[in-house]
Amino acid sequence: FLQEVIMEQIRQFRFEDFRNEKLEQGYQEVLERRWEPNTENEMHHHEFTADAIVIEGEFWLTVEGKTQHLQSGDSFQVPALVKHKEKYGPEGCIFWVARI
């Protein structure tokens, strides 16, 4: 039941609201990322810090050897230049991400 409530709250929290809030906070780029079911990324890093919220689906994020299971409603941050990898669930995953 709690997961259903969280999903409804996320749907009401539109992407434009997320985008505007992050741009006001100084983020340079805000986008929606969609991942196909069961996609796995190798260890990598980015030149930007990512601040994101999971909208649909699930994935496992491994940062510096620690893995966390993220589902709809969960937020996460990956600092610039920090090595990480992702494994997306059987339904794929959608998240909104702000980059700085």
Side-chain angles (χ1 to χ4, degrees):
F1 174 76
L2 180 58
Q3 190 68 17
E4 291 173 27
V5 171
I6 290 171
M7 285 297 296
E8 185 58 31
Q9 289 173 343
I10 290 171
R11 286 186 192 105
Q12 292 173 8
F13 182 59
R14 298 181 357 237
F15 176 75
E16 288 305 313
D17 295 332
F18 177 81
R19 182 181 180 278
N20 292 338
E21 177 183 318
K22 293 302 181 182
L23 291 174
E24 286 176 15
Q25 293 173 359
Y27 287 85
Q28 299 163 342
E29 182 179 36
V30 182
L31 23 112
E32 180 176 272
R33 298 296 315 250
R34 293 177 175 264
W35 293 95
E36 292 297 319
N38 303 311
T39 300
E40 276 191 67
N41 293 330
E42 296 299 318
M43 194 66 73
H44 63 284
H45 71 274
H46 304 287
E47 300 295 320
F48 53 82
T49 293
D51 187 4
I53 183 169
V54 179
I55 302 304
E56 290 181 28
E58 65 181 333
F59 78 106
W60 290 261
L61 173 65
T62 302
V63 178
E64 297 183 331
K66 295 179 184 173
T67 301
Q68 59 185 129
H69 181 209
L70 297 161
Q71 299 175 332
S72 298
D74 292 337
S75 59
F76 64 96
Q77 187 175 70
V78 179
L81 305 178
V82 171
K83 290 189 176 188
H84 62 284
K85 67 180 181 175
E86 303 102 29
K87 178 181 177 184
Y88 297 94
E91 296 173 12
C93 185
I94 299 172
F95 59 81
W96 297 339
V97 60
R99 299 172 173 179
I100 193 166

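Everything quoted here is computed from the prediction, not taken from an experiment.
Between the SG atom in Cys93 and the CZ atom in Arg34 there is a gap of 10.5 Å [rounded to 0.5 Å]. From Glu24, atom CD reaches atom CZ of Arg19 across 11.0 Å, with rounding to the nearest 0.5 Å. Here the NZ-CD distance, from Lys85 to Glu42, works out to 7.0 Å after rounding to the nearest 0.5 Å. Taken from CG in Leu23 to CD in Glu29, the straight-line distance is 10.0 Å, to the nearest 0.5 Å.
Both Leu61 and Val82 are members of a single hydrophobic cluster when ILVMFWY side chains are connected at heavy-atom separations under 4.5 Å. Phe48 and Val78 fall into different hydrophobic clusters, where Ile, Leu, Val, Met, Phe, Trp and Tyr residues are linked whenever their side-chain heavy atoms come under 4.5 Å apart, directly or through other members. Phe95 and Val63 fall within a single hydrophobic cluster, where Ile, Leu, Val, Met, Phe, Trp and Tyr are joined by side-chain heavy atoms under 4.5 Å apart, directly or via other members.
Using a 30° and 60° split on the angle between ring planes, Trp60 and His69 fall in the parallel class, below 30°. Ring geometry for Phe15 versus Trp96: interplanar angle over 60°, hence perpendicular rather than tilted (30 to 60°).
Other residues sharing a hydrophobic cluster with Ile100 under the 4.5 Å side-chain heavy-atom criterion for ILVMFWY residues are Tyr27.
Heavy-atom minimum distance, Thr49 versus Ala80: OG1-N, 3.1 Å. Summarising the geometry of Pro37 relative to Pro90, their closest heavy-atom pair is CB-O, 3.2 Å, with the distance given to 0.1 Å. Minimum interatomic distance between Val54 and Phe76 (heavy atoms only, all atoms of both residues): CG2-CE2, 4.1 Å. When all heavy atoms of Arg33 and Leu31 are compared, the pair lying nearest together is CD-CD1, 3.4 Å.
Between the side chain of Thr67 and the main chain of Thr62, no donor-acceptor pair closer than 3.5 Å is present. Looking at Asp74, its side chain does come within 3.5 Å of a backbone N or O of Gln71 through a donor-acceptor pair.
Applying the 6.0 Å contact sphere to CD of Glu32 captures more than 12 heavy atoms from other residues, nucleotides or ligands.
Here Lys22 pairs with Gln25, Asp51 under the side-chain hydrogen bond (donor to acceptor under 3.5 Å, both in side chains) rule; sequence neighbours left out. In this structure, Glu40 has no salt bridge (charged side-chain N to carboxylate O under 4.0 Å, His left out) partners at least two apart in sequence or on a different chain.
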From CA spacing to verdict: ring-ring contact (aromatic ring centres under 6.0 Å, His included), His44, His84: CA-CA 6 Å; His44 63 284; His84 62 284; 4.2 Å; yes
